[in-house]
Amino acid sequence: MYPVLFRIGPLTLHTYGVFVALGFIVGILLALHQGKKEGFPKEKILDIGFYTLLSAIIGSRLFYVLVEYKYFIKNPVHIFRIWEGGLVFFGGLIAVLFVLLIYFKKNALPVWKTLDLFSPSLALGHAIGRLGCFSAGCCYGKPANLPWSVTFTNPDSLAIIGVPVHPTQLYETLSLSISFVILILIRKYKHFNGQIFWTYALLYSVIRFTIEFFRGDGARGFIYKNLSIAQGISAVLFMTAIFFMVLLRKKKS
């Protein structure tokens, strides 16, 4: 709705970046709070937060650039304009997991237990970050005549202007917020390490697969007709989550 918070001369503060930063800060504070309870060193959590932020931005942007390579070949300078939107969560998630697994091995950290620690932070931070998408107008929904439809009017918005659409960004924020609550509740009754992380993966795969049906932006890539790349990844993530949850539960037993 409000892509730009304010402009002062050459300085422009984009709402998208503010919400992404806010989500990161809240997520780290939550991880620090829980890490203290579980005996994780504060400096390790901060290191993981730094590597997560860096790899998430690079991975999510790279994934988007690869999907929309035709546009970026003609406009290579636009690759660095991340404040305009164009960060694909799955690309960031893949990059983060790759970098963190290397970090965990180097620092002898328990993989599943550490991922469990950060999973609620990831869900909450992602929920807040989607408010940035809503502000910028990216990831907008299909036209819809519903009581809760939203109409983007700001000329700086990335969404279609003047047409009521599904507020898909808010759908995701609400769904991720519910996921966050579920993960916090599961933490009290966790049966095996990795349970919280794979529960998050399972929940998000369902959320993303479903919300993709309501998306109206075509610049996200499709596998076949109306089946988007994100839905294909969601399906693989869903099956992977089921596999690991069964495997880890059996190992614990």
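None of the values given here were measured: they were computed from a predicted structure.
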Would you indicate whether the side-chain heavy atoms of [Y] and [X] approach each other to under 4.5 Å?
X: Cys139; Y: Arg215; value: yes
X: Leu100; Y: Leu109; value: no
X: Thr114; Y: Asn193; value: no
X: Tyr140; Y: Cys133; value: no
X: Phe192; Y: Arg249; value: yes
X: Arg61; Y: Val65; value: yes
X: Val4; Y: Thr15; value: no
X: Phe209; Y: Leu227; value: yes

Under 3.5 Å: donor-acceptor pair, side chain of [X], backbone of [Y]:
X: Asp116; Y: Ile196; answer: yes
X: Gln169; Y: Cys138; answer: yes
X: Thr173; Y: Ile128; answer: no
X: Ser121; Y: Gly27; answer: yes

Atom [atom1] of [X] and atom [atom2] of [Y]: how far apart are they, to the nearest 0.5 Å?
X: Ile207; Y: Ile178; atom1: CD1; atom2: CD1; result: 8.0 Å
X: Phe118; Y: Ile48; atom1: CZ; atom2: CD1; result: 4.0 Å
X: Leu124; Y: Ile184; atom1: CG; atom2: CD1; result: 8.5 Å
X: Thr199; Y: Arg187; atom1: OG1; atom2: CZ; result: 12.0 Å
X: Phe24; Y: Leu29; atom1: CZ; atom2: CG; result: 9.5 Å
X: Ile211; Y: Leu174; atom1: CD1; atom2: CG; result: 8.5 Å

- Under 6.0 Å from the OH atom of Tyr51, do we count more than 12 heavy atoms belonging to anything else shown? no
- Evaluate the side-chain contact (heavy atoms from CB on, under 4.5 Å) criterion for residues Gln231 and Phe213: first the C-alpha distance (whole Å), next the side-chain angles of each, then the deciding distance (0.1 Å), finally the verdict. CA-CA 9 Å; Gln231 286 177 312; Phe213 287 116; 3.4 Å; yes
- Task: Return the orientation label for the Trp112 and Trp198 ring planes: parallel under 30°, perpendicular over 60°, tilted otherwise.
- Result: tilted
If you take all heavy atoms of [X] and [Y], which pair is closest and at what distance?
X: Pro143; Y: Val163; value: CB-CG1, 4.0 Å
X: Gly137; Y: Ser157; value: CA-OG, 3.6 Å
X: Leu183; Y: Ser119; value: CD1-O, 3.9 Å
X: Leu170; Y: Leu131; value: CD2-CD2, 3.9 Å
X: Ala95; Y: Ser55; value: CB-O, 3.4 Å
X: Gly35; Y: Leu117; value: N-CD1, 3.6 Å

- Could you list who else is in Leu66's hydrophobic cluster, with ILVMFWY side chains joined at under 4.5 Å, directly or through other members? Leu62
Any link between [X] and [Y] through a network of hydrophobic side chains (Ile, Leu, Val, Met, Phe, Trp, Tyr) touching at under 4.5 Å?
X: Leu115; Y: Ile94; result: no
X: Phe180; Y: Leu185; result: yes
X: Ile8; Y: Leu13; result: yes
X: Met245; Y: Val236; result: no

- Residues forming a salt bridge (Lys or Arg N to Asp or Glu O under 4.0 Å) with Asp47, sequence neighbours excluded: none
- Message: Going by the rule salt bridge (Lys or Arg N to Asp or Glu O under 4.0 Å), which residues pair with Lys36 if we only count those two or more places apart in sequence or in a different chain?
- Response: none
- Item | Derivation of the side-chain contact (heavy atoms from CB on, under 4.5 Å) call for Tyr204 and Leu122 | CA-CA 11 Å; Tyr204 186 68; Leu122 181 59; over 6 Å; no
- Note on the structure: Only residue of Phe152, Tyr16, Tyr2 satisfying ring pair (Phe, Tyr, Trp, His ring centres under 6.0 Å) with Phe134 is Phe152
- Item | Full working for side-chain contact (heavy atoms from CB on, under 4.5 Å) between Tyr200 and His126 | CA-CA 12 Å; Tyr200 166 73; His126 192 183; 3.8 Å; yes
- Worked verdict on Ile186 versus Gln195 for side-chain contact (heavy atoms from CB on, under 4.5 Å): CA-CA 8 Å; Ile186 289 177; Gln195 182 177 359; 4.0 Å; yes
